[in-house]
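The first residue of the sequence shown is numbered 1, and numbering continues consecutively from there. Computed from heavy atoms alone, side chains included, the values below leave out hydrogens, waters and symmetry copies. Quantities reported herein were computed from a predicted structural model and do not represent experimental measurements.
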Amino acid sequence: MAKENLKLFKEAKKYLVGGVNSPVRSFSYAGGNPLFIKAGKGPRVFDYQGNNFIDYVLSFGALILGHSHPAVLRAVKKKINAGFGFGATNKTEIELAHEIIKAIPFIERIRFVNSGTEAVISALRLARGYTKRDKVLKFQHSYHGHADYLLVKSGSGLATLGIPASSGVPRDFIKHTLIAPYGDIDTVKEIFSKHGKEIAAVIVEPAGGNYGVVPPDIGFLKNLRKATRKFKTLLIFDEVITGFRFNYGALAQALGIIPDIICLGKIIGGGLPIGAYGAKEKIMRHLAPLGDVYQASTFAGNPIVMQAGLSTLNILRKLKKDYQRLEELTGFLIQSLKKEAVLRRISLEASNYGSMFSVKFNRKALFQKFHRGLINNGVYFAPSEFEANFLSFAHTRRDINETINVVRRGLDKISVVH
Ligand SMILES: *Cc1c(COP(=O)(O)O)cnc(C)c1O
């Protein structure tokens with residue numbers, strides 16, 4: 001397909017590494033030519049050839065209201081007329097901070113940064129500064145952005161011995177990172193009995209969205225809360241994806257498990273670059289200018305970003321009750337997809353947690369065929385089986401029905417090669 005897309009990809013590769021600014025966009029997993037998106041409206045995105053797609057990527061989960069929500073767009077346009085940023089605090093920063101703290105009452109202070117990665121890096125520095133300890137424990141397959149010391153995978157043998165997951169990360173940089181399989185409380189307990197008093201923080205995604213969709217293991221999370229309390233280690237929930245995704249606030253509240261620090265991003269910026277971290281005042285006051293943990297940023301709290309976030313949350317707050325509908329719609333899509341696969345004797349794993357879903361095949365080649373089939377028929381799923389897909393409040397039953405029709409065709413393509 002896609003003559004214009006092919007042309008753009010060639011051109012992009014001349015100047016951008018691999019033609020992209022973030023690896024998964026290159027479709028290196030999905031195969032084929034990546035999409036080049038010109039615009040988005042509601043549940044759809046438009047490429048440069050005039051094709052449109054029902055979008056389940058939604059800026060990797062940031063756009064819970066869909067693309068170009070008219071009220072958000074209006075507010076951002078108005079805000080931009082006042083200037084692009086000042087390096088001084090703006091009223092909108094206070095308002096967004098207040099709104100988030102109202103929605104997530106277990107935090108008392110918040111600090112805005114520019115990305116989820118930055119939020120995680122800063123939260124861990126704060127945890128280390130607060131506890132005066134060096135080690136952090138993370139879980140296998142979890143993703144927390146691209147900080148050096150979190151790009152670690154478990155090596156063979158001992159669960160606690162990691163190896164760098166990226167070239168360019170010195171072994172020395174990961175010597176304080178402990179790693180355990182998610183859900184394995186025995187290993188966690190073993191690690192704590194050995195290193196408990198050296199562990200500043202445990203960082204976890206309360207629901208995983210970066211290794212397919214991993215629903216919360218509530219028993220495990222409760223045990224983590226217990227273990228961290230016992231050793232005065234801070235529990236950090238990385239809610240960069242999950243914050244405001246399943247309810248108006250943090251997933252932590254819905255699960256009834258309260259972390260010490262929360263990291264946010266994606267949805268709270270309404271589609272513009274953002275990250276944030278928050279905790280009780282007694283922890284947050286360790287940050288500069290009040291405390292001795294340094295963290296700063298030229299663009300943090302940018303008024304246009306703050307406005308996009310604030311307008312998004314103001315709309316979301318009124319949609320509180322509709323989260324249920326969004327979850328049902330997602331469930332319907334996944335159930336239908338599974339049914340169609342069974343009819344064709346195609347084995348796949350499809351699951352959703354709330355409005356987040358993933359589809360995994362038992363062979364990469366099948367996923368690639370499926371993904372391409374969907375694209376050719378106007379449906380855009382995440383270009384990797386390991387990335388989550390999302391619904392937005394702009395997706396209607398009709399969009400879902402249309403998607404299911406396209407899924408049928410995509411699966412037909414596979415059953416032919418089967
Ligand atoms: C997206 C994501 C990040 C990184 O956020 P960026 O804004 O891409 O830096 C961190 N943690 C989780 C759980 C994420 O989903």
Query raised in the report: Is there a salt bridge (charged side-chain N to carboxylate O under 4.0 Å, His left out) between K7 and E11 once you walk through the steps?
Result: CA-CA 6 Å; K7 224 170 80 189; E11 191 69 6; over 6 Å; no
Query raised in the report: What do the steps show when you test L326 against F390 for side-chain contact (heavy atoms from CB on, under 4.5 Å), and what is the final call?
Result: CA-CA 10 Å; L326 201 58; F390 303 90; over 6 Å; no
Is the gap between the ring centers of [X] and [Y] under 6.0 Å?
X: F139; Y: F220; answer: yes
X: F246; Y: Y323; answer: no
X: F192; Y: F231; answer: yes
X: F112; Y: F299; answer: no
X: Y29; Y: F367; answer: yes

Requested in this report: Please say whether the positively charged group of K13, taken as NZ for Lys or CZ for Arg, lies over the ring of F9, i.e. under 6.0 angstrom from the six-membered ring centre and within 45 degrees of the axis.
Outcome: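 Yes, K13 sits over the ring of F9.
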Starting at [atom1] of [X], measure out to [atom2] of [Y] and round the result to the nearest 0.5 Å.
X: Q324; Y: S355; atom1: CD; atom2: OG; value: 11.5 Å
X: L251; Y: E205; atom1: CG; atom2: CD; value: 11.0 Å
X: I268; Y: T312; atom1: CD1; atom2: OG1; value: 10.5 Å

Heavy-atom distance under 4.5 Å between the side chains of [X] and [Y], does that happen here?
X: V202; Y: V136; result: no
X: I414; Y: R344; result: no
X: L221; Y: P216; result: yes
X: N51; Y: F46; result: no

Are [X] and [Y] ion-paired here, with the side-chain N under 4.0 Å from a carboxylate O?
X: K91; Y: E95; value: no
X: E340; Y: R345; value: no
X: R317; Y: E99; value: yes
X: D47; Y: K38; value: no
X: K360; Y: E385; value: no

Query - Passing candidate, ring-ring contact (aromatic ring centres under 6.0 Å, His included) with H141, options F386, Y211, Y182 - result: Y211
Report task. Might you point out which heavy atoms bring Y149 and L124 nearest each other, and give the distance in Å? Result ->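 For Y149 and L124, the tightest heavy-atom pair comes out as CE1-CD1, 3.6 Å.
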Query raised in the report: Passes ring-ring contact (aromatic ring centres under 6.0 Å, His included), F53 versus F381? Steps please.
Result: CA-CA 9 Å; F53 306 85; F381 270 23; over 10 Å; no
Report task. Give the intermediate values and the outcome of salt bridge (charged side-chain N to carboxylate O under 4.0 Å, His left out) for residues D260 and R225. Result -> CA-CA 9 Å; D260 300 295; R225 183 63 284 188; 2.9 Å; yes
Does atom [atom1] ([X]) have a neighbourhood of more than 12 heavy atoms from anything else shown, all under 6.0 Å?
X: Y248; atom1: OH; result: yes
X: K230; atom1: NZ; result: no
X: K364; atom1: NZ; result: yes
X: H286; atom1: NE2; result: yes
X: K280; atom1: NZ; result: yes

Requested in this report: Determine, step by step, whether R111 and L287 satisfy the side-chain contact (heavy atoms from CB on, under 4.5 Å) criterion, reporting the C-alpha distance in whole Å, the side-chain angles of both residues, the deciding distance to 0.1 Å, and the verdict.
Outcome: CA-CA 9 Å; R111 168 70 56 89; L287 269 185; 4.0 Å; yes
**Report entry** Of I104, L235, I110, the residue whose pairing with I262 passes side-chain contact (heavy atoms from CB on, under 4.5 Å)
**Finding:**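 The passing option is I104.
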Query raised in the report: Does the side chain of R74 pick up a donor-acceptor pair with the side chain of S311 at under 3.5 Å?
Result: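 No, no side-chain donor-acceptor contact under 3.5 Å.
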Query raised in the report: Any chance the side chains of K79 and N90 put a donor and an acceptor closer than 3.5 Å?
Result: yes
Report task. For side chain to side chain donor-acceptor pair (under 3.5 Å), just list the numbers for S297 and N114, CA-CA rounded to whole Å, side-chain angles, deciding distance to a tenth of an Å, and then say yes or no. Result -> CA-CA 8 Å; S297 162; N114 307 293; 2.8 Å; yes
Query - Test applied, side chain to side chain donor-acceptor pair (under 3.5 Å); reference residue, Y56; option that passes from T330, D399, N389, T403 - result: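 Of the listed residues T330, D399, N389, T403, the side chain to side chain donor-acceptor pair (under 3.5 Å) partner of Y56 is T403.
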**Report entry** Q295, E239, R109 screened by side chain to side chain donor-acceptor pair (under 3.5 Å) with Y277, the one that passes
**Finding:** Q295
